[in-house]
Chemist: 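The structure under discussion is supplied below as structure tokens; questions concerning it will follow.
Below, read A as the first sequence line, B as the second, and so on, with proteins coming before strands; counting in each chain starts at 1. What you see below is based on every heavy atom in this structure, not just the backbone, and it leaves out hydrogens, waters and symmetry mates.
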There are 2 protein chains.
Amino acid sequence: MARPTIEDVARIAGVSIATVSRCLHKPDVVTKATRDRVLSAVRDTGYALNTAAQSLRIRRSNTVLVVVPDIGNTFFSEILRGIQQVASDAGITILIADTGGQRLREEGFMRNLLNGRADGALLLAEPQVPWLDLPVANSRGVRPVVVISEAMPGTRTLSVEIDNIGAAELAVNHLLELGHRSIAHLTGPGTNILTAMRREGYRQALRKAGIEPDPAMEIGGDFGVASGVAAFARFRQLDPLPTAIFCANDESAMGFISAANAAGLKVPQDVSVMGFDDIHFAQVFLPPLSTVHQPRSDMGAEAMRLLLSVWAEEEPQPVVLPATVVLRESTARAPFRPA
Amino acid sequence: MARPTIEDVARIAGVSIATVSRCLHKPDVVTKATRDRVLSAVRDTGYALNTAAQSLRIRRSNTVLVVVPDIGNTFFSEILRGIQQVASDAGITILIADTGGQRLREEGFMRNLLNGRADGALLLAEPQVPWLDLPVANSRGVRPVVVISEAMPGTRTLSVEIDNIGAAELAVNHLLELGHRSIAHLTGPGTNILTAMRREGYRQALRKAGIEPDPAMEIGGDFGVASGVAAFARFRQLDPLPTAIFCANDESAMGFISAANAAGLKVPQDVSVMGFDDIHFAQVFLPPLSTVHQPRSDMGAEAMRLLLSVWAEEEPQPVVLPATVVLRESTARAPFRPA
DNA sequence: TTGTATGCGTTATCAG
DNA sequence: CTGATAACGCATACAA
């Protein structure tokens, strides 16, 4: 037997389908007596609203598309939690799309906005395809896009992020306060906006401390564990050897430490390592990683709120959340070294 | 202006909407001439099929619901990748639902099957609510459910898993081969089926080696990092101190090692630690973790294939995939200890 | 307060 | 090969 429809419920309750629909959506406009009959009919039949029919009728899916570059990356999951929280409170369903970093996939997922599967999108990464050509403004009926964490500066995109430059400065300042004067930097991938901003923060902190940034101290990475391992090989050839390194994210920092350890260099005794992100494993890692904490859950929640706000015809502004340095055991005072 | 509909396309191409629909779904049944006109009209208008209308009409959403207990747990993400792969090749959209382990949420998500948002579900954890009361069989029009990794034995559920008992035996055998005779076990949460099976494998391996399993050596955990830390406190009180421990998963193993290290116990010199799962961080961890590798991506892919198969009116069987022990540096030969 | 009737955008059936 | 048309299940304007 097929799924019960609103009509089945109506027949059993002895009312019209309009009344059933009203019972479900504006219960207060219907008599308590009929409401009870209808609701019990709903229970009896096990009726569940057909969302396809509803979406078609109300021209809305009550769904938000969340585009993630790599769902396997633990960094994103806590953002998702924040989104999930706010969304489910608002009765919104989340459609998660994992692009695996591939443009083609992202392009495909973009169609979910066009074909009505979703009413808006949350991008957890720098857009690879021109989502922004979509009408992003809040004109009625438009499907807004909010970029989390990696908004391009200068675009008029709605976004939620931290002050990456400032946060990187904070991190490097911590190293400076520990007495380090020779601080290397392991960067993210070349094209990434976060790479640029965190590197800028690194340089600014150095300059403010009266140290001229040395390009040779900036080692190219790609946020991956392996790139951290590779970076150590280049790091150890630096002469003199820096006493600390600021890594653009935690995973690469772990790779770096792992390689350092294999090579007999102790962290933090021989070299202090600072990460960025404060992913879940940062605190379990050996040594527990000093890093920059991003309020990921809040970022997700805030982004979802932005979307709700746009849907409500308001005109929300981009938001910048605070990031904090969390000190653990991968950083220590600089060893004394004769100049 | 509103989204173009099939009607707009038809008008511009100078054909009927039926023809437009045919061009999109069975292009070969239409003249090349008209097809070209239609397709170019599609391009011109930027037409995208309204999935709500389509779903309503064909009574199918071409969507699979994937229920995850915790999307932040890196264990699940690779399974998702496998699912994604097969699904997108088949033109299926994935709807990911994160229950956070809460029954209530899971119950809510189950509705996606009832309200037609999804045509079937993949459960990445032991079902908390009676999904299985849903018609799981492959009778026409039914919405099948496939359980990945944590199928309850005895139920007639479609499932994809590894031989957990056998895999745990493999792991413990490795420890035995290294000369360990006193091997502890850090279990998973009490109610979990995986906990039971891995513990059983642990016991069987011991028995086959002529060692009677000692309940005191089985420390209760919950798969979390913190429970690994807590377990170490109980472990160190064991007398004599075991020379090895088999943990029911990698995260708890990491917590254990982390605590051991903090207490001055070296891994693997003082105690060998074996994990289970081979999560992403297992190889970066210090020391790199010896563990049991689960073919997660394959498991996801296989599960999705099972679903496609049911939809195709076939009668697929549950599948069991092979797991392998991967040896890294958290395990070593047992130290000599006078009996 | 409740019922009737219309249309949301598609697909599929049936004629032409 | 193509066109007209009837559902699909629901929400709502309008009548009662």
Chemist: Does a side chain donor of either A:E78 or A:S297 reach within less than 3.5 Å of an acceptor in the other side chain?
Modeler: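 Result is no, nothing qualifies.
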Chemist: What is the separation between atom CD1 on B:I6 and atom P on C:dT10, rounded to the nearest whole Å?
Modeler: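 These atoms are roughly 5 Å apart.
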Chemist: At 4.0 Å (heavy atoms only), tell me whether A:V20 reaches a base, stays on the sugar-phosphate, or touches nothing.
Modeler: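 Contact class for A:V20: none.
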Chemist: Under 4.0 Å between any heavy atoms, over every strand shown, what does A:L56 touch: base, sugar-phosphate, or nothing? Just pick one.
Modeler: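 Base: the residue A:L56, judged by heavy atoms under 4.0 Å, touches a nucleobase.
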Chemist: Taking 4.0 Å as the cut-off, does a side-chain nitrogen or oxygen of A:T5 come that near to OP1 or OP2 on D:dG9?
Modeler: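 Answer is no, no contact under 4.0 Å.
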Chemist: We want to know whether A:D119 and A:S61 form a side-chain donor-acceptor pair, criterion being a heavy-atom distance below 3.5 angstrom.
Modeler: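 Checked: A:D119/A:S61 side chains pair up, N/O donor to acceptor below 3.5 Å.
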Chemist: Using heavy atoms to find the nearest nucleotide of DNA chain C for A:T31 and A:A18 separately, return the residue whose nucleotide is more 5′.
Modeler: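 Its nucleotide being nearer the 5' end, the pick is A:T31.
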Chemist: Measure from CG on A:L24 to C1' on D:dT12 and round the result to the nearest Å.
Modeler: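 A:L24 atom CG is separated from D:dT12 atom C1' by 15 Å.
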Chemist: So, does A:T34 get its side chain near the phosphate of C:dT1, meaning an N or O under 4.0 Å from OP1 or OP2?
Modeler: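 So the side chain of A:T34 is outside the cut-off, no N or O lying under 4.0 Å from OP1 or OP2 of C:dT1.
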Chemist: Please determine, by modelled atom types, if A:D277 and A:Q294 share a side-chain donor-acceptor pair under 3.5 angstrom.
Modeler: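 Checked: A:D277/A:Q294 side chains pair up, N/O donor to acceptor below 3.5 Å.
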Chemist: What is the separation between atom CZ on B:R11 and atom C1' on C:dG9, rounded to the nearest whole Å?
Modeler: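 Those two atoms, CZ and C1', are 14 Å apart.
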Chemist: Over how many whole Å does the gap from A:R37 atom CZ to C:dT2 atom P extend?
Modeler: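 Taking CZ of A:R37 and P of C:dT2, I get 8 Å after rounding.
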Chemist: If you check the B:R59 side chain, which of C:dA5, D:dC8, C:dT10 turns out closest?
Modeler: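 Closest nucleotide to the B:R59 side chain: D:dC8.
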Chemist: According to a strict under-4.0 Å criterion, is A:Q54 in side-chain N/O contact with OP1 or OP2 of D:dA11?
Modeler: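 Answer yes for this pair, as a side-chain N or O of A:Q54 is under 4.0 Å from OP1 or OP2.
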Chemist: Want to settle it: does A:R60 or A:A53 sit nearer the 5' end of DNA chain D, counting the closest nucleotide to each?
Modeler: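 The residue closer to the strand's 5' end, by nearest nucleotide, is A:A53.
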Chemist: Which of these nucleotides, C:dT4, D:dG3, D:dC10, is closest to any side-chain atom of A:S16?
Modeler: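 Per side-chain heavy atoms of A:S16, the pick is C:dT4.
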Chemist: Taking the side chain of B:R22 as its heavy atoms from C-beta onward, which of C:dT13, C:dG3, C:dT6 lies nearest to it?
Modeler: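 For the B:R22 side chain, the nearest candidate turns out to be C:dT13.
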Chemist: Return the 5'-most residue of the pair A:R57, B:D28 with respect to DNA chain D, ranking by each residue's nearest nucleotide.
Modeler: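 Looking at the nearest nucleotide for each, B:D28 comes out on the 5' side.
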Chemist: In whole Å, what is the span from the CD atom of A:E7 to the C1' atom of C:dA5?
Modeler: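 My rounded result for the distance is 13 Å.
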Chemist: Students often get this wrong, so: under 4.0 angstrom with heavy atoms, is A:I17 touching a base, only sugar-phosphate, or nothing?
Modeler: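 Touches a base.
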Chemist: Less than 4.0 Å between a side-chain N and a carboxylate O, is that true for A:D70 and B:R81?
Modeler: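 So B:R81 pairs with A:D70 through a salt bridge.
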Chemist: A:K32 NZ to C:dT2 C1': how many Å, rounded?
Modeler: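 Going from A:K32 (NZ) to C:dT2 (C1'), I get 18 Å.
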Chemist: Is it true that the side chains of B:S88 and A:R105 contain a donor and an acceptor less than 3.5 Å apart?
Modeler: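 Note: B:S88 and A:R105 side chains miss the donor-acceptor criterion.
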Chemist: Check the distance between D:dC8's P and B:L49's CG and give it to me in whole angstrom.
Modeler: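 The distance from CG of B:L49 to P of D:dC8 comes to 20 Å, rounded to the nearest Å.
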